[in-house]
Amino acid sequence: MKKYYVLEMFPYPSGNLHMGHVRNYSIGDVVARYKAMQGFDVLHPMGWDSFGLPAENAAIKNGTPPAAWTYKNIDVMREQLQKLNLSYNWDLEFATSSPDYYKFTQWMFLTFFNNGLAYKNKSYVNWCPDCATVLANEQVVNGNCERCKATVDKKDLEQWFFKITDYAQRLLDDLDKLPGWPDKVKSMQANWIGRSEGAEVDFQIDGSDKKLTVFTTRPDTIFGVTYMVIAPEHPLVKELIAGTPQEAECLALIKKVQNQTDIDRTATDAAKEGVFSGVHMINPLNGEKIPLYLANYVLLDYGTGVVMAVPGHDDRDFEFATKYNLPIRPVIKPNDGEEKELPFLEVGTIINSGEFDGLDSDIANDKITEHIENKGLGMKKVNFRLRDWLISRQRYWGAPIPIIYCDKCGIVPVPEKDLPVLLPENVKFTGQGKSPLSECEEFVNCKCPLCGIDAKRETDTMDTFVCSSWYFLRYCDPKNTELPFSKEKADYWMGVDQYIGGVEHAILHLLYARFFTKVLSDFGYLSVDEPFENLLTQGMVLKDGTKMSKSVGNVVSPEEIIEKYGADTARLFILFAAPPERDLEWNDDAVEGSYRFLKRVERLFEKKFGESKLRFDVHKCIKKVTEDIDRFHFNTAISAIMELVNVMSKADEISPDDLQAVIVMLSPFAPETTEILWKKLGKSGNAGEQPWPKFDPAALVVSEVEVVVQINGKIKTKLMLSPDMTAADMQDFVKTSEDIQNLINGAEIVKIIAVPKKLINIVVRQNGF
RNA sequence: GCGGGCGUGGCGGAAUUGGCAGACGCGCUAGACUUAGGAUCUAGUGUCUUUGACGUGAAGGUUCAAGUCCUUUCGCCCGCACCA
């Protein structure tokens, strides 16, 4: 028996199921039920991504402890899920906030730490003032907190990081191993990782033995450098400008930039601003003395935070040079010889570059890089946009980072046998000041596991994305108390054959889960190094053209729909109304249509039962539904069943076998109704446990097929012909058939195209026709 | 600016490889049954100047044949965005 692991992204227990959940889980459930009926050993689990800020915010607001609030929500939502008749194996259920689970989230941290993949570092980080915590780069959207939308500040803080940058190249390369992922998601990830090839080049500071290193992707333009730019908040700046006449002006710019939000700073139309630093640099290739500017358009955390400016061949440098009257020197001319306006961004022929003149610019790129390396002025370098993953949060409701600080031993990991580091329950939630954990004395104070003297615990917790980066592995072995999962069980079930969820997780969750899988694979805990074989990103559920939301007031509650029509109608509508990856417009009238369809199926029992005359229709339908589910075209699979039901409704009599086929095929979509009808049919067992029907090719054999007859590509008539006719037979037939000769009406036949079982196209000369 | 995607009736959508455009459903129209209809059933429903012609955002092209392939172009959505 072959295994099949189908997984839907587990929900955050916010309190209520919404239509997006219903869609996500209905899709997964059809796949799970269908695969089980086909004889696969199916893993179809559900759980709860239950750490996170809303629970803590609720505690601050209402005084309810986060745990109580969370587990109450889980109970409500579990019941709502069960009303949808989803085929989960509830024995595998877990919540990431339970000590049994987060024990192993902490185990993950230790595994990363012990292998040099978790480190603590002082860094200029994103700080959300409303959530009172730091955020990962990925959680900052347009300069705002992804969760609460507050404007994100920058703070210099010591934080824990996972070294995802060590895996940047593999995370990029292995996207090619994922043909079952949407291109969109892969390109978003590739974009986010942002690999670029170039060189690091050292520029000497004039009158000093110090140098600054730049990263450039265009070494071919290095003779065109007319000035240099450094990020104002660069740590070396204050030292560089000390004592220069420009110092005061520079300090003012630094202050201004630091007070700017990321949105203002990075807006497309943000004005470029800069100040001369008072320092000059030496171009290592031509020895020229060039000014160093502080400028707001240089990013501190990309490359080296220092840029060589080539205004002749870069938009931004051109804009800046124009504004501040800096020289602009072309070093590439267009190949077609035509004069082009600067900045000239394309490839061309090198000029004004000494020994490199006359080379093609892309060849010069390699030659100049080689030259720089030979002279010891720099080296080839690949840069990534991807930053290390900041995982520490100054919040309570998360997995505590298992680290102890000892005055004597330094940073000490909690020994594995002492896991889990439990979250204390007697904490206060004021929403002010320091995090609740850091104010909990009995949590903070502990003994050093190495030397036994008084020590203090780390009070930061882990980003909830850490919890969700390995949950799909826990389902393979959820009761394991020794390890997060046994290798044997994970190797049996992994990778996930079909993963289903919203596209909003295209970068964060999916990238982190891939990273975890690779790390665990590298250290021998797992054989696969990609977690999700096939990914389906479902579209949103809309009402009146916009996403359902409380503020817009267009929310349709799943509970009310289930109450009114039953779960089957809700499932059927949501699968029928649009293909899964597209956005779905909720339509109350169309929901009625799904309800009516189920009633129509029930009414088939009122028909006269007898011999089947519909064998062809039934088997055509089985073929179509099977193929459509295989390619996730649930909407057309359902429409095929509707067509069959329409045929059966019109037939004089139907056979119990016909009816059985309909009920069995419909069972993955509408499990509740079909079980009732299965009993009504007098069958034992369950409809959902029947083997998936196989179509009989013999039933699809017909003596005649409809063939379209075209003249010059225009349809003229349709004929019933034997399906066995070859193209040659059909061409002969054209010549002898009286009907067709009448159509041609004496015109001269130029050519006859015949496609067996489909069409005949007779090409005739226009004159006389 | 870069990357991904979409554009088909009044609406949601269908049309695996180029081969009958509009399946299926909603809505609408008419009729039947009915005290009643927001129930059910029957028939119809792309457009038009209806013996036929036109029609898949627009314009070209390839082909016997184009929603599907190629070129240009317009519009919309999503992601990233001063990444050197």
Exercise. With a 3.5 Å cut-off and just heavy-atom distances, do the side chain of A:Q710 and the base of B:C20 make a donor-acceptor pair?
Worked result: no

Exercise. Less than 3.5 Å between a donor and an acceptor, one on the side chain of A:K758 and one on the base of B:C20, is that the case here?
Worked result: no

For this session: Using only side-chain N and O atoms of A:K751, determine if any of them is under 4.0 Å from OP1 or OP2 of B:C64.
Result: yes

For this session: Could you tell me which non-hydrogen atom of A:V541 sits nearest to which non-hydrogen atom of A:R23, and how far apart they are?
Result: CG2-CD, 3.9 Å

Exercise. Of the nucleotides B:C80, B:A23, B:G4, which has the atom closest to the A:R385 side chain?
Worked result: B:C80

Exercise. For A:Q731 and A:A754, which heavy atoms make the closest approach, and how far apart are they?
Worked result: CG-CB, 4.3 Å

Exercise. So, are A:E197 and A:K380 salt-bridged, with charged N and O less than 4.0 Å apart?
Worked result: no

Problem set entry | Contact under 4.0 Å: A:R600 side-chain N or O vs B:C24 OP1/OP2 | no

Exercise. Just one of A:V310, A:T216, A:L285 clears the side chain to side chain contact (heavy atoms under 4.5 Å, CB included) bar with A:I222, so which one?
Worked result: A:L285

For this session: Flag the pair A:Y595 / A:F597 as yes when their ring centroid distance falls below 6.0 Å, and as no otherwise.
Result: no

For this session: Answer yes or no: does a side-chain N or O of A:S196 lie under 4.0 Å from OP1 or OP2 of B:A84?
Result: yes

Exercise. So does A:R596 get a side-chain nitrogen or oxygen closer than 4.0 Å to the phosphate oxygens (OP1/OP2) of B:C26?
Worked result: yes

For this session: Report yes if a side-chain nitrogen or oxygen of A:Y302 is closer than 4.0 Å to either non-bridging phosphate oxygen (OP1 or OP2) of B:A84; otherwise report no.
Result: yes

For this session: Hunt down the Watson-Crick or G-U wobble partner of B:A81, both distances under 3.5 Å, from any strand shown, or write none.
Result: none

For this session: Look at the side chain of A:E643 and decide which nucleotide, out of B:G12, B:A81, B:A23, has an atom nearest to it.
Result: B:A23

Exercise. What does B:G7 pair with, Watson-Crick or G-U, if both distances are under 3.5 Å?
Worked result: B:C74

Problem set entry | B:A84 phosphate, OP1 or OP2, under 4.0 Å from A:H313 side-chain N/O | no

Exercise. Within less than 4.0 Å of OP1 or OP2 of B:A14, is there a side-chain N or O belonging to A:N635?
Worked result: yes

For this session: Answer yes or no: side-chain N or O of A:N761 and base N or O of B:C64 forming a donor-acceptor pair under 3.5 Å.
Result: yes

